[in-house]
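Quick note: numbers below take in every heavy atom, side chains included, and nothing from hydrogens, waters or symmetry partners. By convention here, the first residue in the shown sequence is residue 1. Just so you know, ligand 1 is whichever comes first in the structure, and atom 1 is the first atom listed for that ligand. All values derive from a computational prediction rather than experimental measurement.
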Amino acid sequence: MSTTRKHTALPKAQILIEALPWLVRHNGKTVVIKFGGNAMVDEDLKAAFAQDVVFLHHAGLKPVVVHGGGPQISAALDQHGIVSEFKAGLRVTTEDAMDVVRMVLAGQVQRELVGLLNQHGPLAVGLTGEDAHTITATKHQPEIDGELVDIGRVGEITAIDTGAIEALLADGRIPVVSSIARSQDDGHVYNVNADTAAAALAAALGAETLMVLTDVEGLYEDWPNSDEVISRLTASELERLLPDLSSGMVPKMEGCLHAVRGGVTTARVIDGRVQHSILLEIFTDEGIGTMVVADEKPEGPGGQGES
Ligand SMILES: Nc1ncnc2c1ncn2[C@@H]1O[C@H](COP(=O)(O)OP(=O)(O)O)[C@@H](O)[C@H]1O
Ligand SMILES: CC(=O)N[C@@H](CCC(=O)OP(=O)(O)O)C(=O)O
């Protein structure tokens, strides 16, 4: 090998070998990746996202994608002359709006992601929470200022059946899930926040990691006044912060807490606007967003930590 070729080739080998401990650690582990609608607006980013997910698959992990589509739903509702309104961070979803939500999530956003992933092989299979009872929900009525408020067809998850997703993973596929659920009580279809759905699936699947891709660098300590990102926090620390959080961050951080308390090792909020942020997060030391971990167990003999 000529000296020049060696000089260009060796740094590449170095980068590959740096990933070895991470490849060993994550081999065979399930990672649930939530791709937010706000991070999904750029064509190059969507293509890079698909590459990263396929990379994880071929590196021996089991990625499960849960996608959002908030901005895409708002645009479609607008075209139908339906006004978008949010209460407690959730979209007020009338029966007519629900038809649009379902059409956009399952018929457009999910199809597009499945198409991008399948450019790399026969890998992705799309489903919604309705399929094989994957997500069952009941009508959600949030409490606002001490009163229960009716926000229409918004679902609260009551059960997860991981059977269909596990069968797809066992078959070497990449499930792509839309956050729509069916109620077993009234038979209606419900709109579920995609962060909440991703977190519930991560916990039910016993995933190692929940990764939430969004359009900010992570959880800002003092949003919107400063852009200081909290890089790591425990479940209890996050629980104390929750009442002070606003808008889109509420379901994300509630989801991270639910996932970690449900046994997921780490839940991360990362910047989906950074190309290949998933690879940086999984295969390097340079985690770029906010990582939530379980509470640390107290040290010393007889110490009984939280699990
Ligand atoms: N503490 C915070 N840190 C970061 N972002 C915050 C915070 N509080 C509220 N936000 C808002 O939450 C948004 C992300 O949520 P959302 O718009 O629902 O995104 P997505 O479509 O990715 O789910 C950010 O763009 C920001 O405007
Ligand atoms: C009940 C509720 O609010 N559902 C969300 C579902 C999509 C979603 O969560 O998309 P993002 O992740 O892009 O925000 C909605 O209708 O916008």
Self-check item: Closest protein heavy atom to atom 13 (O) of ligand 2, given as residue, atom name and distance to 0.1 Å
Solution: Gly37 N, 2.8 Å
Exercise. List every atom of ligand 1 that sits less than 4.0 Å from any heavy atom of Lys34, numbering the atoms from 1 in the order shown and giving each element.
Key: 23 (O)
Quiz prompt | Cationic N near anionic O, under 4.0 Å, Glu239 to Arg261 | solution = yes
Quiz item: Within less than 4.0 angstrom of ligand 1, does Gly70 place any heavy atom?
Solution: no
Quiz item: Does any N or O atom in Gly69 lie less than 3.5 angstrom from one in ligand 2, N or O only?
Solution: yes
Quiz item: Applying a 4.0 Å heavy-atom criterion (strictly less than), which segment of Val101 is in contact with ligand 2: side chain, backbone, both, or neither?
Solution: neither
Exercise. Go through ligand 1 atom by atom and flag the ones less than 4.0 Å from a non-hydrogen atom of Leu219.
Key: 1 (N), 2 (C), 3 (N)
Exercise. Mark up the atoms of ligand 1 that fall under 4.0 Å of a heavy atom belonging to Gly218, in ascending order.
Key: 3 (N), 4 (C)
Quiz item: Should you measure from each heavy atom of Gly37, which atoms of ligand 1 turn up under 4.0 Å away?
Solution: 21 (O)
Quiz item: Taking the inter-plane angle between the rings of Phe283 and Phe55 on a 0 to 90° scale, is it parallel (under 30°), tilted (30 to 60°) or perpendicular (over 60°)?
Solution: perpendicular
Practice problem: Can you pull out the closest protein heavy atom to atom 3 (O) of ligand 2? Residue, atom name and distance to 0.1 Å, please. | Solution: Arg91 N, 2.9 Å
Quiz item: Near Ala194, which atoms of ligand 2 are under 4.0 Å from a heavy atom of that residue?
Solution: 8 (C), 9 (O), 12 (O)
Self-check item: Atom indices of ligand 2, in the order listed, that fall short of 4.0 Å to a heavy atom of Asn191
Solution: 1 (C), 2 (C), 4 (N), 5 (C), 6 (C), 15 (C), 16 (O)
Self-check item: Proximal atoms of ligand 1 relative to Val216 (non-hydrogen, under 4.0 Å)
Solution: 4 (C), 5 (N), 24 (C), 25 (O)
Quiz prompt | Enumerated ligand 1 atoms positioned under 4.0 Å from heavy atoms of Thr214 | solution = 14 (C), 19 (O), 20 (P), 22 (O)
Quiz item: What class does the angle between the rings of Tyr190 and His188 fall in, given that below 30° is parallel, 30 to 60° is tilted and above 60° is perpendicular?
Solution: perpendicular
Quiz item: Is it the side chain (CB and beyond), the backbone, both or neither of Lys34 that lies under 4.0 Å from ligand 2, heavy atoms counted?
Solution: side chain
Quiz item: Among protein heavy atoms, which lies nearest atom 5 (N) of ligand 1, and at what distance?
Solution: Met249 CG, 3.4 Å
Quiz item: Which of the atoms of ligand 2 are close to Ile73, meaning less than 4.0 Å from one of its heavy atoms?
Solution: 7 (C), 15 (C), 16 (O), 17 (O)
Quiz item: Is the closest heavy atom of Lys252 to ligand 1 under 4.0 Å?
Solution: yes
Quiz item: Of Gly89, Ala198, Gly70, which has the heavy atom at the shortest distance from atom 14 (O) of ligand 2?
Solution: Gly70
